[in-house]
Amino acid sequence: QVHLVESGGGLVQAGGSLRLSCAASGRTFRRYAMAWFRQAPGKERELVAGVNWSGGSTYYTDSAKGRFTISRDNAWNTAYLQMNSLKPEETAVYYCAADYATGLPSHYLYWGQGTQVTVSS
């Protein structure tokens with residue numbers, strides 16, 4: 001069982017940056033792959049970025065490549081999403097997710113409550 005709590009969302013102007021954090025409970029954090037999803041109003045939830053248990057393998061959706069960086073600190077049971085050059089269309093609720101996997105799973109079992117990111121134009 002993993003309990004996830006996101007933080008770091010807020011209001012930022014287009015072109016600005018935010019760093020999201022996902023604090024996880026439990027002693028087995030390092031066994032879980034982590035990911036960030038987002039869901040805008042009226043749209044389906046989409047995978048933004050993922051990282052495997054060690055941090056050695058990552059995935060980014062095409063629109064995030066070169067601007068977003070996912071990372072994790074297993075000593076602090078925390079995953080991060082650094083977002084740069086944000087665009088208004090990236091306004092959404094951002095969710096942290098986790099699943100027990102050695103690679104990058106296609107489905108995630110555990111979810112946080114979400115944090116709102118609003119990018120103004």
Side-chain angles (χ1 to χ4, degrees):
Q1 187 77 19
V2 177
H3 182 61
L4 305 173
V5 179
E6 302 98 332
S7 62
L11 174 64
V12 64
Q13 289 188 332
S17 298
L18 282 175
R19 188 194 196 200
L20 306 182
S21 298
C22 175
S25 64
R27 294 175 292 178
T28 59
F29 175 75
R30 61 175 55 86
R31 298 182 182 179
Y32 289 82
M34 303 295 296
W36 288 94
F37 289 75
R38 64 189 175 195
Q39 187 166 22
K43 295 188 176 181
E44 293 187 355
R45 184 172 59 195
E46 65 168 336
L47 174 62
V48 177
V51 60
N52 74 333
W53 68 275
S54 68
S57 180
T58 57
Y59 164 85
Y60 297 94
T61 190
D62 285 345
S63 63
K65 291 177 181 177
R67 297 184 300 119
F68 291 9
T69 302
I70 189 170
S71 61
R72 65 189 296 158
D73 187 335
N74 288 344
W76 289 95
N77 284 12
T78 304
Y80 305 96
L81 184 67
Q82 176 67 43
M83 304 186 293
N84 299 326
S85 301
L86 282 160
K87 305 173 182 179
E89 56 265 35
E90 294 178 312
T91 293
V93 177
Y94 283 69
Y95 296 92
C96 175
D99 207 335
Y100 183 79
T102 55
L104 293 171
S106 57
H107 299 283
Y108 288 81
L109 181 60
Y110 303 105
W111 293 84
Q113 83 288 350
T115 185
Q116 177 70 45
V117 172
T118 302
V119 185
S120 63
S121 57

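Small disclaimer: the values here were computed from a predicted structure and weren't measured.
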> What distance separates Gln39 CD from Glu44 CD, expressed to the nearest 0.5 Å?
Replying inline: 8.5 Å

> Are the side chain of Glu6 and the backbone N or O of Cys96 linked by a donor-acceptor pair below 3.5 Å?
Replying inline: yes

>> Please find the pair of heavy atoms, one from Thr91 and one from Ala40, that lie closest to each other, and give the distance.
In response: O-CB, 3.5 Å

> When rounded to the nearest 0.5 angstrom, what distance separates CZ in Arg38 from OG in Ser63?
Replying inline: 4.5 Å

> How many angstroms lie between CZ in Arg19 and CG in Asn84, if you round to the nearest 0.5 Å?
Replying inline: 11.5 Å

>> Could you check whether any side-chain N or O of Ser25 sits under 3.5 Å from a backbone N or O of His3, counting only pairs where one atom can act as donor and the other as acceptor?
In response: yes

> Do Tyr94 and Val2 sit in the same hydrophobic cluster, where Ile, Leu, Val, Met, Phe, Trp and Tyr count as joined when their side-chain heavy atoms come under 4.5 Å apart?
Replying inline: yes

> If you measure from NZ on Lys87 to OG on Ser121, what distance do you get to the nearest 0.5 Å?
Replying inline: 14.0 Å

> Does one hydrophobic cluster hold both Leu47 and Val93, with members joined at side-chain heavy-atom distances below 4.5 Å?
Replying inline: yes

> Cluster question for you: counting only ILVMFWY and a side-chain heavy-atom cut-off of under 4.5 Å, with indirect links fine, are Val119 and Tyr60 together?
Replying inline: yes

> For the residue pair Leu104 and Ser57, what are the closest heavy atoms and their distance?
Replying inline: CD1-OG, 3.8 Å

> Of the non-hydrogen atoms in Leu4 and Gln113, which two are nearest, and what is the gap between them?
Replying inline: O-OE1, 3.7 Å

> Is there side-chain contact between Phe29 and Asn74, with at least one heavy-atom pair below 4.5 Å?
Replying inline: yes

> Minimum heavy-atom separation for Thr78 to Ser21, with atom names?
Replying inline: CG2-CB, 4.3 Å

>> Distance check, rounded to the nearest 0.5 Å: Met34 atom CE versus Asp99 atom CG?
In response: 10.5 Å

> Any idea how Tyr32 and Tyr100 line up, ring-wise: parallel (<30°), tilted (30 to 60°), or perpendicular (>60°)?
Replying inline: perpendicular

> Can the ring centres of Phe68 and Trp36 be said to be less than 6.0 Å apart?
Replying inline: no

> Minimum heavy-atom separation for Arg72 to Asn52, with atom names?
Replying inline: NH1-O, 2.8 Å

> Under a single-linkage definition using a 4.5 Å side-chain heavy-atom cutoff for Ile, Leu, Val, Met, Phe, Trp and Tyr, are Ile70 and Leu18 assigned to the same hydrophobic cluster?
Replying inline: yes

> Which heavy-atom pair separates Ser85 from Arg67 by the least distance, and what is that distance?
Replying inline: O-NH1, 2.9 Å

> Do Met83 and Leu20 touch side chain to side chain, with heavy atoms closer than 4.5 Å?
Replying inline: yes

>> Taking Val117 as the starting point, is it possible to reach Trp111 by hopping between hydrophobic residues whose side chains are less than 4.5 Å apart?
In response: no

> Which distance, rounded to the nearest 0.5 Å, do you find between the OH of Tyr80 and the CG of Asp73?
Replying inline: 5.0 Å

